Amino acid sequence: MSAIATEAATTRVREESPRRDPPSLRSMVLFEWRLIRAERVVAPIAVFFALAVAYAAANGRSWAEFQRDAVKGATVDEARRLSWLGNALDASRGDTSALRAFGDPRNPFVSAQGPARRYAVLPPAPLAPLAVGQSDLYPSYYRVGIISRETLLVNDEIVNPEHLAAGRFDLAFVIVYILPLLILALSYDLISADREAGTLALVLSQPVRLRTIMTAKLLARSMIMIVLALSVTAIGAVVGGVSLSAPGALASLADWTMVGIAYGAFWLALAVAVNVFSRSSAANALALLGAWLGFVVLGPSVLNVLVSGLHPTPSRVELMQASRAASNSASARGSQLMAVYFQDHPELMRGTPESAAEFGTRSLLVADEVANAVRPITSRFESQLDAQQRLVDRWRWISPALVTHAALTDLAGTGTSRYRDFQSQADRYIGTVRAFYEPRIASGNRFTRQDVAAIPAFSFDERTLGPAGERARWAAIVLGVIAVTITIAALSFAQRTAQNSTR
Amino acid sequence: MIARIARKEMTEMLRDGRFRWTATMIAILLIGALTTGVTHYRRTAAERDAAKRSARTHWLTQAPKNAHSAAHYGVYAFKPAMSLSLVDEGVDRYVGVFAWLEAHKQNDFKYRPAQDATVIERFAAWTAANVLQVLVPLVIIMATFPAFAGEREQGTLRQLLATGVRPRILFLGKAAGVSLALGILIAPAAAVGVMALVMASSNTTLGDTWLRGSILTLVYLAYFTGFLAVGLTVSALARSARLSLILLLAFWATNAFVAPRAAVDLARRAHPAPSALAFNLNMERELTTTGEGVSGKALEDSVLRAHGVSTLDSLPFNFAGLSLQRGEEQGYRVFDKRYGELAATFAAQDRLSQRLGAFAPLLATRALSMGLAGTDYEQHHHFAEAAEMYRRGLVKTMNDAVRDYQRGGEVIAVSSDSTLWAKVPTFDYDAPALGIVMGRYLWAFAVLIMWLVGSLALVATVARHVSASTLAEGVRP
């Protein structure tokens, strides 16, 4: 098939230019395009890719909607509770009895731990439907009380753990895993097919250089690759339901596309290089598959083992035991036997051994003491995770797939950095809320509707998307430079060995 | 003749640098994964054992306090490590490690190890199961794609057929040759696997581990055999080695990478789970509504009426203990319903994914592998349920102590000590028996057997019916 078509193509070139000028690159690219179109595999590949992209985009959309609904549910829940609390406080304005330690919203400590809890919500970034990333592993909202540990520990999203382990079929997956396979399927026999069919010798007998032929083949495939990458963006934006009017959405989308194209260019360049250095089509396919496995699967796994081996996070089991021991001693110091009982069961308190204000303050103090005691371990978690992340950032360049995956999820706002930033902002917000309540609890004053209105609200300070865009552009530039360098080197090598390459 | 063909095939493969290199690489990866698996297992097992002991000590040595306060103090339950997790970690990194068992609440398991890791953790985990499920089929494909197609291109197939050898014999010989070569290369890894098991299973019930290990081996053998059969079939029918390779690789990539993720989203949509927020809010609401009527005045009145007395102090037992226990029991209904629904949803999702194994055998194999290794979601859930039962027992013991300690309605003065703490037994967990696990994976077994029988039938049909001339030429598309 390919041989006949090439022959037809060269014949036509000859007819068009009787003086046997070398054919223009443009016409060669067009011929190459016809050849590719005539290949039987192209139609199924295109259909498969379109289906995969559409499926991935639809998945991204449904997941983003699921999360948006959850966040909306949080807002509704918060509004309902706060309005109930305001009314309840108004209704009890005439009640002058002493504050109770349990079930009494007039007691600021009770409200702070119960009906007045506001949510810290991480709003999904505009490109969230494009990559699920870590958004199924980390919580994107916290119901904030005044004790940090209790707040941050509570809600992991409900996802089938087998699904977490398998990963999701989103557009980032399509780009990182599937796009290279398609590019390789189209280009593993870039030159070797013609060599095996015997047409390469024929073509080279024309006044045309091997380098030019390869350039034409490469350009035709580059265009296909770019179209594929653009279609991912377009379908992702439309089917996935990216809100383009959101600030920064278009810029992020442009960065996303550039990263995809640069990543595709890398694989195309690799295919060219392998075609120059290697012999048979089957050998090329195996070499490229090896590269795919190495870059996409093995490289990251080995890096993972190294990273977690070099900077192991301390065991959570140990953390828990330390915190248990700390809370034992804190509670023992802080209170008498009976008081401990009330700490657990204030609703049964009948005779009041201490005021509700004292009880609230003491509870906070005990929580502080526990937090202080386990801080060395928790901060070790942080520092080890930071060290791991730095190591990953430095070594991710061993795998273009890792670089691309990190860039794409960061652009979508579902990468680890944004979630950790959210967690630290939420933690700081807990501090703000606590500073708000502390004097109110200690004073023993009643909680009022005005207080409810004054509870500080959380607003997420978007700090990671900007740097993510910058890093993504860098990733695109570096991958692009690597791709161009490989291609130029391969093409010049091909020209030097052109004599041998027909055999 | 079969032996001769097999020997030729095996020798050729073992001499082929490409195959040798890849297979060695994979054997090294497998051995590496098993080694890290053993290390990880032993560390985890030691840590969890120690944690379990110290949790018990914390419980027994707590200061004298009110029995119900002790129930609030509670204990922590730590998931024990499963010895076969060194082969297949399953969902271990995606489920919490421990739960706090306290009064009134069924708590979730907290701290999924994957949350304490970087993003590459999710990119690819290097475990023996992954090597077996993803990479070994690739080696099989590399060994089988040129079996006929390659010889056809070299022209030796025609010569071979000219000797009058029957295609069936050729198929059998080639299959035997490829299996032998693979066997030689996988043998060291298998030996390491057995050693790893011996090292790891020193402190568990050996018999069960060995039985599970053997079934696991059969599962993987069935999975591999299917690939061998499909590989030979495609190689026999494809016109060129190139086409044969591309077709097989497309199948491999779909099976190993596309299908598992595609199945996730299909299952999630077919059986949607609630968001954590909705789940928790619903539960809170139900706990409040069912709590009404069993505590407070209503209960007080009905108990007083039943005992024919007019004040709580004249009851023959302590009312608070009864009231607390009633409250607990109301909670059980809500927890059982809600957590039960969630577990049923996950189970339905996993069953769907096993059935999709009809299109991608990896799905069925993975499920069986996790199940036999004891690292699937079902067994996590089983542990969580056992922990919940233990919690209920513990809380009831404490509430009964409150009830029986003294008459009346006040509980403030109640104080207990270690004799009461020791009444709560240690939490000893027994993993579900092998039979139960197998019963849960009937679908996966059925699908895997279908894959094995189907692929063997395919290759047998081709071997029986293909004519020498078709075999010499390949099928024209």
Side-chain angles (χ1 to χ4, degrees), chain A residues 59 62 66 69-70 73-74 77 134 137-138 141 153 155-158 160-169 173 177 181 185 281-282 285-286 289 297 300-305 307-308 313 315-317 320-321 324 332 337-338 340-341 344-345 348 381 385 388-389 392 402 405-406 415-416, chain B residues 18 36 47-48 51 54 58 63 65-66 68-69 72 76 78 91 94-95 97-98 108 110-112 114-126 142 241-242 245-246 249 253 257 260-262 264-265 268-269 273-281 320 342 346 349-350 377 411-412 415:
Chain A
N59 288 337
S62 96
F66 174 82
D69 286 350
D77 173 52
Q134 299 282 70
L137 187 62
Y138 295 115
Y141 47 82
L153 194 59
N155 58 326
D156 290 330
E157 191 47 270
I158 291 180
N160 187 334
E162 290 185 14
H163 294 181
L164 289 174
R168 295 294 271 276
F169 200 107
F173 166 70
Y177 284 78
L181 288 175
S281 293
L286 287 178
L289 178 77
V297 181
S301 334
V302 172
L303 185 57
N304 185 21
V305 171
V307 163
S308 49
T313 45
S315 136
R316 286 286 183 188
V317 170
M320 202 289 310
Q321 285 168 279
R324 186 76 157 166
L337 181 66
M338 203 178 291
V340 173
Y341 177 74
D344 295 328
H345 253 287
L348 295 176
F381 264 102
L385 270 180
Q388 288 194 358
Q389 193 57 50
V392 170
L402 260 184
H405 183 263
T416 312
Chain B
R18 233 161 36 200
T36 47
E47 178 192 280
R48 305 277 166 90
S54 98
H58 276 156
K65 63 176 74 143
N66 179 281
H68 190 64
S69 288
H72 268 276
Y76 278 83
F78 297 90
V91 299
Y94 297 93
V95 290
V97 172
F98 53 79
D108 288 325
K110 294 298 174 197
Y111 292 123
R112 308 170 181 174
Q115 290 173 325
D116 290 327
T118 59
V119 66
I120 46 173
E121 173 78 29
R122 302 191 69 189
F123 217 75
W126 179 19
M142 288 181 52
R242 185 178 120 188
L245 177 63
I246 293 303
L249 285 183
F257 295 97
R261 288 167 186 259
V264 164
D265 281 288
R268 194 174 61 78
R269 293 214 197 174
S275 73
L277 185 94
F279 183 80
N280 291 328
L281 288 181
L342 192 61
F346 284 176
Q349 289 179 344
D350 294 340
Y377 171 72
V411 285
I412 297 164
S415 172

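No experiment lies behind these values; they were computed from the predicted model shown. Chain naming here is simple, since letters A, B, ... match the order of the sequence lines and numbering starts at 1 in each.
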Which bit of [X] comes within less than 4.5 Å of chain B, counting heavy atoms only: side chain, backbone, both or neither?
{"X": "A/Val305", "answer": "side chain"}
{"X": "A/Ala185", "answer": "neither"}
{"X": "A/Val317", "answer": "both"}

Between [options], which shows the greatest number of heavy-atom pairs under 4.5 Å with chain A?
{"options": "B/Val95, B/Leu281, B/Val97", "value": "B/Leu281"}
{"options": "B/Phe279, B/Phe257, B/Tyr111", "value": "B/Tyr111"}
{"options": "B/Arg268, B/Gln349, B/His58", "value": "B/Arg268"}

Problem set entry | Atom pair CD1 (A/Ile158) and CZ (B/Phe346), whose distance is rounded to the nearest 0.5 Å |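 One gets 6.5 Å once the value is rounded to the nearest 0.5 Å.
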
Between [options], which has the largest tally of heavy atom pairs under 4.5 Å with chain B?
{"options": "A/His163, A/His405, A/Arg324", "result": "A/Arg324"}
{"options": "A/Ala165, A/Gly415, A/Ala282", "result": "A/Ala165"}
{"options": "A/Glu157, A/Gln389, A/Arg168, A/Gln321", "result": "A/Arg168"}
{"options": "A/Leu137, A/Thr313, A/Leu181, A/Asp69", "result": "A/Leu137"}

Exercise. Can you tell me if B/Thr118 and A/Gln388 form a side-chain donor-acceptor pair at under 3.5 Å?
Worked result: no

For this session: Could you tell me whether the side chains of A/Asn59 and B/Arg261 share a donor-acceptor contact shorter than 3.5 Å?
Result: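 There is no such pair between these side chains.
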
Exercise. Side chain, backbone, both or neither: which part of B/Leu277 has a non-hydrogen atom closer than 4.5 Å to chain A?
Worked result: both

For this session: Sort B/Ala253 into side chain, backbone, both or neither according to what part of it lies under 4.5 angstrom from a heavy atom of chain A.
Result: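 The answer is the side chain of B/Ala253.
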
Exercise. How are the rings of B/His68 and B/His72 set to each other: parallel, tilted or perpendicular (split at 30° and 60°)?
Worked result: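 The rings of B/His68 and B/His72 stand perpendicular, inter-plane angle above 60°.
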
For this session: Measure the acute angle between the ring planes of B/Tyr76 and B/Phe98, then classify it against the limits of 30° and 60° as parallel, tilted or perpendicular.
Result: perpendicular

Quick one: does [X]'s side chain get under 4.5 Å of [Y]'s, heavy atoms only?
{"X": "A/Leu402", "Y": "B/Ile120", "result": "yes"}
{"X": "B/Pro274", "Y": "B/Leu342", "result": "yes"}
{"X": "A/Met320", "Y": "B/Lys110", "result": "no"}

